[in-house]
Amino acid sequence: MRVFVAGGSGVLGRRLVPQLVARGHRVTATTTSTAKLGFVEQLGADGVVMDGLDPMSVGEAVAAARPDVIVHQMTGISMAHAGKPDLKHFDRWSLPTIRLRTEGTDHLLAAAEATGVPHFVAQGYANWNEIREGGWVKTEEDPLDLHEKTPAHPAMAALRHVEDAVTSAGGAVMRYGAFYGTSPPPASTNPSPPSTFPPALAQDLDRLRTTPGLRPTLQAQAEATRPTTHSAPPPQP
């Protein structure tokens, strides 16, 4: 299956791509920098430079790849895109990711429709932003807390946009938790903190290949070891 990973050089994309390649998929992975094309190719993917906020760039990249599925992993929380993490001004710091989860999502969906891509899977988030109602255990049917009247609201509203837009188009959104662990990332010129990416998404893409017309609504349940102390909620992936 031809898989287009938008954000393939990011902290999660760089873990997903090798798993997809190992399962026999042909992967096109995007990056925002020509300097990272070599790294993406080392992961086994065809690399392409794409600006997720430019509809023409997105449309051309998707049309050239002609994928069977688009996997939306675009965020902008790296130092290069967002600067030093600033949770006191979360709305300002997360603006690049907010735009990628709103404008970028819309551009990818439009490109998918124009190119006839049958499957679409996007990254969601549900760790500390679950609704504070009912029991502790939540399901995919439970809404997320929008944290209205707080600096987190724009980012939470962007997550709502991803869920609404993607599922309305017949796609699937994986609500990620927080990933921790000790396994190092693949060799890279842009190292990131140690993390573990569970194989759930790669496995579900295998299901897409073997089950025609499948439109799963997925929730990422796999989490690696969670630290026992945390003074503040972790940032989004």
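Cluster membership for Val71 and Val40, using ILVMFWY side-chain heavy atoms within less than 4.5 angstrom, is not shared. Linking Ile, Leu, Val, Met, Phe, Trp and Tyr whenever their side-chain heavy atoms come within less than 4.5 Å puts Val21 and Val121 in one cluster.
Thr105 and His72 share a side-chain donor-acceptor pair at under 3.5 Å.
In this structure, Arg26 contributes its side chain and Val3 its backbone to no donor-acceptor pair below 3.5 Å. Judged by distance alone, the side chain of Arg175 and the main-chain N or O of Tyr125 form no donor-acceptor pair under 3.5 Å. Distance alone, capped at 3.5 Å, is enough to place a donor-acceptor pair between the Thr31 side chain and the Ser33 backbone. Under a 3.5 Å cut-off, the side chain of Ser168 and the backbone N or O of Ala165 do not form any donor-acceptor pair.
Annotation for Arg101 and His161: closest pair O-CD2, 3.4 Å, computed over non-hydrogen atoms. In plain terms, the two heavy atoms of Gly52 and His107 that are nearest each other are O-CD2, 3.3 Å. Here the closest non-hydrogen pair linking Phe39 and Ser9 is CE2-O, 4.2 Å. Nearest heavy atom pair, residue Pro67 against residue Pro118, reads O-CD, 4.2 Å. Of all heavy-atom pairs between Val162 and Ala122, the closest is CG1-CB, 3.9 Å.
Across Ile98, Thr97, Val11, a single residue satisfies side-chain contact (heavy atoms from CB on, under 4.5 Å) together with Thr75, and that is Thr97. Considering Leu20, Leu12, Ile70 as possible partners of Val5, the one that fulfils the side-chain contact (heavy atoms from CB on, under 4.5 Å) test is Leu20.
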Please report, to 0.1 Å, the donor-acceptor pairs under 3.5 Å made by any side chain of residues 54-61, with sequence neighbours excluded.
from, atom 1, to, atom 2, distance (Å)
Asp54, OD1, Met56, N, 2.9
Asp54, OD1, Ser57, N, 3.4
Ser57, OG, Asp51, N, 3.0

>> side-chain contact (heavy atoms from CB on, under 4.5 Å), that's the test. Do Met156 and Glu148 meet it? Break it down for me.
In response: CA-CA 9 Å; Met156 299 303 104; Glu148 296 179 350; over 6 Å; no

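Here Leu100 pairs with Leu53, Met74 under the side chain to side chain contact (heavy atoms under 4.5 Å, CB included) rule; sequence neighbours left out.
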